[in-house]
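Labels below follow one simple rule: chain letters A, B, ... track the order of the sequence lines, proteins then strands, and each chain is numbered from 1. The basis for the numbers below is simple: all heavy atoms, side chains too, and nothing from hydrogens, waters or symmetry mates.
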Amino acid sequence: MGNLVGYGQHNRLRWAAYSPSAGEIHYGPPNNAPKEENLADGFGAPFSPFYVADEIDIQHCISISDWWRKLLAKDLSESVVPIAKGPIKRLHRLISETGPNVYPSGFFDCTVEVLKLFISDQGTHSLFVTDYTPSPGSGSSSKSWPASLNEYVMQFELWDEAARVAEVIMKPGEYYKINNARMKINNSGYMEGKVKEGKITQLEEDDAESDTHLKALLRRKQEWNSKNNTDVDLFQLIQDAEMGKFFDCIVEVHCPFLFLTSFLTSMKLLHIELKPYQMPRLYLTDYSGNSSVAATCGDEFWARGLEGRIIKIMLDEEQKHIAESATIGTVLSVRKLRLKNNAVENGICGILGGGEKLIVPMNLNRIDNVRLQDLIRYV
DNA sequence: GGTTACGGT
């Protein structure tokens with residue numbers, strides 16, 4: 001005989017007994033043990049140590065007991081019948097449909113929006129996602145998303161190849177198809193996904209035309225946004241900006257002019273200023289005016305007629321790359337922007353840094369974004 | 001696309 005190894009998750013064993021004489025499944029002598037409990041003091045995942053046998057399990061128990069009876073009678077002509085199993089097929093599931101015991105054995109494919117990726121130096125990363133369906137027992141909360149989204153957020157632990165892929169490609173706000181994830185209950189008693197293989201593909205919003213799962217996710221996102229009054233697609237205008245407060249906007253890339261956001265805003269890129277050894281500067285407008293946060297642009301051609309309607313953003317860290325790839329005249333959405341007086345710049349500007357995806361070119365074909373359609377009309 | 005399946009603060 002070769003090595004026979006059984007694998008199981010820590011402290012998650014479930015059991016049932018079969019009585020050949022009674023011909024039925026049982027759980028030992030009568031007792032007062034609770035049938036099922038929500039772990040984590042009632043806030044986590046429901047768990048029962050009692051396995052519920054299905055028809056295939058019971059048939060298998062019967063064939064084993066028949067075999068044993070024949071063995072005792074020294075009749076070894078028949079061997080044990082293996083459990084009849086059809087081909088195992090993984091299914092695409094909503095987060096709300098998943099569970100550690102959901103067929104097949106908790107495995108599933110899913111389509112999600114990334115909210116936050118925590119890179120761990122242990123090499124196993126924590127990913128927080130939503131598909132805008134409820135996530136009972138998940139117990140996730142973080143300042144990285146609105147508290148009202150907590151009930152829709154699921155944590156995934158990324159091991160091995162999955163972690164390597166995610167750390168290279170995944171950014172908050174992006175959509176991904178994740179294949180061969182598995183739902184489990186973690187050691188704290190909360191529901192948690194686990195991904196080991198690098199079967200992770202990014203999806204663009206345009207893919208929704210052919211991808212029904214992404215299309216449905218975007219529809220649920222839109223519904224969730226309208227219900228929760230935090231529509232991340234309904235951006236603030238420059239005229240709504242307050243000095244020192246975060247806001248999100250859509251802008252047009254002009255000259256040295258950009259915007260600020262804490263949610264999302266659309267602005268047209270007017271101008272990009274690149275100087276050696278300096279942070280790149282973006283100049284943006286959404287055509288609304290706000291002299292208290294506007295940048296001074298002098299008599300530059302790209303700023304003509306837009307006095308008091310242009311903002312300046314400096315790009316630090318990972319945000320610098322935007323300046324190399326952005327095209328003048330495109331409409332960008334900008335998140336987590338804060339306009340402040342900058343002594344070095346001698347005026348008001350925002351600084352964007354970090355590794356999060358804060359500046360994204362807008363999909364001008366999206367007709368469900370009212371603010372964006374308004375802006376396009378100017379352009 | 002078939003087969004696997006463990007885990008650690």
Side-chain angles (χ1 to χ4, degrees), chain A residues 1-16 39-41 43-54 56-57 60 82-93 95 97-112 115-129 135 137-144 150 153-170 176-203 207 210-214:
Chain A
M1 245 203 174
N3 290 333
L4 184 60
V5 183
Y7 292 98
Q9 287 172 359
H10 173 77
N11 208 20
R12 296 287 167 250
L13 184 72
R14 295 183 302 148
W15 67 276
L39 303 176
D41 295 327
F43 295 104
F47 179 73
S48 170
F50 303 116
Y51 178 77
V52 179
D54 64 17
I56 292 169
D57 298 322
H60 189 61
I83 294 179
K85 265 193 176 170
I88 297 171
K89 207 173 168 357
R90 219 166 47 231
L91 298 168
H92 189 283
R93 292 193 187 277
I95 298 297
E97 300 170 333
T98 62
N101 307 315
V102 174
Y103 177 88
S105 310
F107 288 94
F108 61 97
D109 301 335
C110 60
T111 303
V112 296
L115 298 168
K116 180 74 184 176
L117 176 67
F118 289 99
I119 306 276
S120 151
D121 42 19
Q122 318 287 352
T124 305
H125 305 329
S126 295
L127 173 70
F128 291 85
V129 302
S135 58
S138 71
S140 342
S141 70
S142 157
K143 285 187 201 119
S144 301
N150 280 342
V153 176
M154 187 57 76
Q155 178 171 354
F156 281 76
E157 290 300 288
L158 308 181
W159 293 80
D160 309 330
E161 194 56 26
R164 305 291 79 77
V165 171
E167 65 195 16
V168 173
I169 64 170
M170 276 188 162
Y176 287 91
K177 173 119 191 287
I178 300 177
N179 277 356
N180 209 21
R182 189 183 199 183
M183 224 34 155
K184 59 173 277 188
I185 300 173
N186 70 17
N187 288 342
S188 315
Y190 292 107
M191 207 73 95
E192 172 179 292
K194 169 180 169 171
V195 193
K196 184 183 171 66
E197 299 171 297
K199 295 167 176 170
I200 299 173
T201 354
Q202 190 183 355
L203 301 171
D207 294 331
S210 55
D211 186 319
T212 56
H213 300 301
L214 180 62

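Candidate nucleotides B/dG2, B/dT9, B/dG7 were compared by shortest atom distance to the side chain of A/H10, and B/dG7 ranks first. If you check B/dA5, B/dG8, B/dT3 against the side chain of A/F107, the one that comes closest is B/dA5.
In this entry the distance linking CZ of A/F108 with P of B/dA5 reads 18 Å, nearest Å. Put simply, OH on A/Y103 is 12 Å from P on B/dT3, counting in whole angstrom units. The nearest whole Å value for the distance from the CG atom in A/D160 to the C1' atom in B/dT4 is 13 Å. In this structure, A/L158 atom CG and B/dG7 atom C1' are separated by 14 Å, rounded to whole Å. For A/N179 and B/dA5, the CG to C1' distance is 17 Å, given to the nearest whole Å. For A/D109 and B/dG2, the CG to P distance is 12 Å, given to the nearest whole Å. One atom, CG of A/L91, and another, P of B/dG2, lie 14 Å apart when rounded to the nearest Å. Remark: C1' of B/dG8 and NE2 of A/H125 are 13 Å apart, rounded to the nearest angstrom.
Among residues two or more places apart in sequence or in another chain, the salt bridge (charged side-chain N to carboxylate O under 4.0 Å, His left out) test is passed with A/E167 by A/R164. For A/K196, the side-chain hydrogen bond (donor to acceptor under 3.5 Å, both in side chains) partners two or more places apart in sequence, or in a different chain, are A/D160. In this structure A/H125 satisfies the ring-ring contact (aromatic ring centres under 6.0 Å, His included) test with no other residue, sequence neighbours excluded. For A/F108, the ring-ring contact (aromatic ring centres under 6.0 Å, His included) test picks out no residue, with sequence neighbours left out.
Contact annotation: A/Q9 side-chain N/O to B/dA5 OP1/OP2 distance is not under 4.0 Å.
Here A/D121 lies out of heavy-atom contact (under 4.0 Å) with every strand. Within the nucleic acid shown, A/G106 has no heavy atom closer than 4.0 Å to any nucleic acid atom.
Position along DNA chain B of the nearest nucleotide to A/K89 versus A/W159 favours A/K89 as the more 5'-ward residue. Nucleotides of DNA chain B nearest to A/Q122 and A/S105 differ in position, and the one nearer the 5' end is that of A/S105.
Contacts of residues 182-198 of chain A with DNA chain B (heavy atom under 4.0 Å): A/R182, A/E192, A/K194, A/K196.
Looking at A/E157, its side chain has no donor and acceptor atom pair within 3.5 Å of the base of B/dG7. For A/R90 against B/dT4, a side-chain-to-base donor-acceptor contact under 3.5 Å is absent.
For residues 6-16 of chain A, the set of pairs meeting the salt bridge (charged side-chain N to carboxylate O under 4.0 Å, His left out) definition, not counting sequence neighbours, is empty.
A/S126 contributes no side-chain N or O that, together with a main-chain N or O of A/E157, makes up a donor-acceptor pair within less than 3.5 Å.
For the 3.5 Å distance criterion, the side chains of A/N186 and A/K184 fail to qualify, holding no donor opposite an acceptor.
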